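What follows is a single structure, written as structure tokens, with notes after it.
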Amino acid sequence: MTSARGDLRRRIHGLGTVDRVAPKSVAHRAERRPSAASRSTGSAPARIQGMKVNLGGVAVDLMGRDEAVASIMQRAVSGGPKPLGVLSANLDHLNHFGAGGRWENTLDIAAVEWMTLLDGAPLVAKAAELTGQRWPRLAGSDLIGQILDTAAVRGLSVGFLGGSEEAQRMAADRLGTEKPLLRVAGWWAPARHVLTDPRASRRLCREISAAGADILLVCMGKPRQELWIAEYGHLTGAKVLLAFGAVVDFLAGNVRRAPAQVSSMGLEWAWRLAIEPRRLARRYLLEGPESYLRLRRHSATPVPGVLSVPHAPAGTARARKPRPLGFTPVDRHADVAALVVTYNNGADVCRLLESLLQETKDQSIKVVVADNSPTPDTLACLQKYPEIMAFATGGNLGYAGGINAAYAKAGPADTYLVLNPDLRVQHGAVQALRASMARTGAAVVVPLLQDEDGTLYPSLRREPTILRALGDAALGSKFPSRPGWLSEMDFDAESYAHPHKVEWATGAALLVRADVAAQVGSWDESYFLYSEETDYLHRVRDMKAAIWFEPLAAMTHCRGGSGSSPALDALMTANRIRYARKFHNVSYARAFRAAVLLSALLRAPLAGHRGILGLVAWESRWADLPHAVAYPTSTGVDADFPAGAVIIPAHNEASVLGRTLAALELPLATGRVEVIVACNGCSDGTEAVARSTPGVQVLHVGEASKVAALNAADRAATRWPRIYVDADIEVPAEALRATMEALSATPGVLCARPAFVYDTFGASWPVRAYYRARNRLPQASGSMWGAGVYGLNEEGHERLGAFPPVTADDCYIDQLFSTSEKLVVECVPVIVRTPRSTQLLLSTLRRVYRGNSELRSMGGARTGRTLRELFAAVEGPATALDALVYAAFAVAGRVARKRRPGSAWERDESSRIPEL
């Protein structure tokens, strides 16, 4: 016999065995004191064989105390096909596991057979109401004394998991004194992170199994103890696992039981709340009323047998021998058809496919990529995967449109796996998704998403409601532990540690059963981007089908997909309103819209949120939001692309240079266009970005001077004509072709630029007014400045010679040539992103007017006609107001044009944010 004191440290870690047991003063007192219900009924009623009653969505076994203990001990002796898990159902249990609870149906799929005992005065009363009989309350603290005594008599070993080490020491001392015949297999007090770590939990299970516990008390509190038993209980070797909450503290004497009179009145909850108000206030005061409503709404008359587990359709997870690596051809049936939608994601999608390829040794996978990109660059990257089907959709159809296009070409499969191109599939994730689908019968299963640094990406969501919209509007991401009815996003880390049903999740990764995909139908393309997965999964739930989260299926979300911008944020907000209108009545949708607009109003002063409120509030402007577009049937880019050179001066432009070069990849691929990036005085990663595009010639210019960069690139260039492009300007291939052709074939033209349009989305009202007025100036539509791009043929360049040391190189070029020698080419326009704020526009204008001042000092033409042109374009009050705003900015820019020594270069950073 081992000493309870001397070997406690070793036993707490599950390595020792104790043959001494619990204090009579604790265990016997709990055994002698009957529950409120049994006191009122005298002896416990005989059990109706196989009867269960549905209380609040939980199937509860109806039995007396002696019968419950006898059933537990019988299983502890003889075992069964599965371990027996024993829990008590009270209002707190309904909160977690009842109808609408976070863990609803989670226990039904466990590798454990559950005995659910009746606990809590409200449940006892409801059971009596439904059955016409009175049933005893069977709390774990009431049963533990009789269970331990019986175990001691029968020679069964008992293990204790949970509680603090101090409480375990106290309980071990009392048990060793008062129950000397009890065999204790061990005591385990793991830290919380161990219980949420699958590997650590499995190691713990191996320790418990080696200790040989017949009965394991799991005392972690709800819902952690039930969830842990459901996932790992069958690995402990125990025949019976008792989810008995605070029993270790009761055995240690740390928690006092309520007086008998208080219990008989059904007020034990009030007693416990008075003792531990900080820990229990949320449970009893916030969650308790909601749980009571579930009890009233979702209870039913007794039903025989055990609740059935949904049956998984054939083919969701067939065991098979390991397969050789390789994707399955699209025309053949596969276990999984992966559907990927891309938009300029060449590098991202190739990394996704490499990770997905490793999954093909466990199941057959075919891949369909629907490319929404305006150029074939992404498809060119996919040519090294001949087994997959990759095709251009012919436009930017949005996420939903791309999924529909991919599904239409995917052919037969057991399941369809929708994947963002910026994901990386961790080993075993696809198999884990399919195993979860087979185990739960779920229609859709979603994985655990992590950021690249391994931190959790919160991907689980709740159905949008007015209260949740108000909660998110007022609190945002603050107070993440607030009640679920006040937040659409689930921030609780425990939600991501266990598999369970969810209402919906982000559409980055979804495994959909084939029969469900056929029945639900197409994704709703009216959303373009955002809310399409909310809509799709809503329709899945309308079929009474389940959506499950599986944490063992992990994927890395690299966030390289759609990105973020004011336009996309406004679209997200508008789509939430569209969703509410689709699934709710007019009154509800109006109230939801008001809550969403409140959120936009509260965030309007924040950087990046300006302009969103106006776009969303005035629905006539929704047409300006990103939407599906079709591309021309032919890009006009082929082997006969005109020869020439593109010169890009770049000073610390790492954030935008990539998208500028991406637009030039097709001309580069023809071999007829040389692209030269002259990096001048760069201290960021501009040179690395430039070198990452094959075929680009990169020059290192030590001086932080645009003029020095232009002249250095001119010396390196060998082809004509030459197009000079600012590093933040994307020139469509069609615009580049048209401009080069004009410079090569139009008689008398020495200088040309493509057409351009201003993108003022997200800009403040004064900025938009300024650019509206500027657009009306004749010189703006006919001059070489303003577009961030212009070109010279060889004859025009001879007149230029070398670029002089001026700030406004485009204005200088414009003044070198007469009107007949310049041409604005009508073609696909270049998009010029404007500053977003008044301050940034003023900063930009200071540089512009300083450049104009330099030109005047060189004898260049004066621009005094601007004022006359400005007011000549006035056609009414609105245009007059725009003209006044323009004039005010012009005056302010001229006054502040002098650059102070040591001041930073004036540049608009707001237009350099990467966008979709």
Side-chain angles (χ1 to χ4, degrees), residues 1-33 69 72-73 76 86 139-192 194-195 203-221 224-225 228-229 233 236-257:
M1 186 178 298
T2 306
S3 167
R5 291 179 186 271
D7 207 26
L8 180 59
R9 181 178 300 276
R10 196 161 54 88
R11 286 186 283 107
I12 283 178
H13 296 288
L15 302 177
T17 302
V18 180
D19 294 327
R20 301 172 60 185
V21 212
K24 287 183 181 178
S25 60
V26 175
H28 287 189
R29 184 166 61 246
E31 179 181 349
R32 285 194 303 267
R33 183 170 57 197
V69 173
I72 292 169
M73 301 316 298
V86 182
S141 54
D142 289 328
L143 299 179
I144 189 61
Q146 189 174 346
I147 290 174
L148 294 180
D149 282 344
T150 308
V153 170
R154 296 195 178 190
L156 300 173
S157 63
V158 181
F160 295 83
L161 173 62
S164 67
E165 292 190 9
E166 181 181 0
Q168 288 188 351
R169 289 191 186 95
M170 296 174 63
D173 286 344
R174 301 184 74 174
L175 289 175
T177 300
E178 301 196 18
K179 292 190 183 293
L181 297 180
L182 179 66
R183 294 175 53 213
V184 176
W187 300 80
W188 294 269
R192 177 170 295 188
V194 171
L195 302 175
R203 286 196 298 270
L204 175 62
C205 290
R206 288 194 290 270
E207 292 182 16
I208 296 172
S209 180
D214 297 305
I215 301 172
L216 181 67
L217 271 79
V218 183
C219 305
M220 305 173 186
R224 192 172 299 112
Q225 60 194 15
W228 193 89
I229 291 173
T236 63
K239 301 181 182 71
V240 174
L241 299 104
L242 306 176
F244 276 7
V247 159
V248 167
D249 288 310
F250 278 114
L251 294 176
N254 290 337
V255 178
R256 289 185 299 159
R257 296 296 308 274

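For clarity, every value in this text was computed on a predicted model and none was experimentally measured.
- Expressed to the nearest 0.5 Å, how far CG of L204 lies from CH2 of W228 amounts to 5.0 Å.
- Interatomic distance, CG of L182 versus CG of D149, reported as 8.5 Å (0.5 Å rounding).
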Open item on the list: Using side chain to side chain contact (heavy atoms under 4.5 Å, CB included), reason through I144 and V247 one step at a time and then give a plain yes or no.
Closed with: CA-CA 8 Å; I144 189 61; V247 159; 3.8 Å; yes
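- Minimum interatomic distance between G212 and A185 (heavy atoms only, all atoms of both residues): C-CB, 4.4 Å.
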Open item on the list: Between I147 and F244, does the side chain to side chain contact (heavy atoms under 4.5 Å, CB included) criterion hold? Intermediate values first, please.
Closed with: CA-CA 12 Å; I147 290 174; F244 276 7; 3.9 Å; yes
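- Remark: the backbone N or O of L156 is not paired with any side-chain donor or acceptor of R183 at under 3.5 angstrom.
- Atom-to-atom distance recorded for C219:SG and W188:CH2 is 12.5 Å, nearest 0.5 angstrom.
- Closest of all the heavy-atom pairs between S157 and A213 is OG-CA, 3.4 Å.
- How far CZ of R224 is from CD1 of I229: 13.0 Å, rounded to the nearest 0.5 Å.
- R169 and E165 are joined by a salt bridge, as a carboxylate oxygen and a charged side-chain nitrogen come within less than 4.0 angstrom of each other.
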Open item on the list: Go through it in stages, so that I can follow the logic: the residues are M220 and L161, the test is side chain to side chain contact (heavy atoms under 4.5 Å, CB included), and I'd like the CA-CA distance, side-chain angles, deciding distance and then a yes or no.
Closed with: CA-CA 8 Å; M220 305 173 186; L161 173 62; 3.4 Å; yes
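- Judged by distance alone, with hydrogens and angles left aside, the side-chain atoms of Q168 form no donor-acceptor pair with the main-chain N or O of S164 at under 3.5 Å.
- In this structure, the side chains of L217 and V158 come closer than 4.5 Å at one or more pairs of heavy atoms.
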Open item on the list: Test side chain to side chain contact (heavy atoms under 4.5 Å, CB included) on L241 and T236; report intermediate values, then the result.
Closed with: CA-CA 9 Å; L241 299 104; T236 63; 3.7 Å; yes
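- Paired with M73 under the rule side chain to side chain contact (heavy atoms under 4.5 Å, CB included), one option of V240, I215, D214 passes, and it is I215.
- Atoms OG and CG, on S141 and D249 in that order, are 11.5 Å from each other to the nearest 0.5 Å.
- Side-chain N or O atoms of T150 include one that pairs as donor or acceptor with a backbone N or O of Q146 at under 3.5 Å.
- Between the CZ atom of F160 and the CG atom of L216 there is a distance of 9.5 Å, given to the nearest 0.5 Å.
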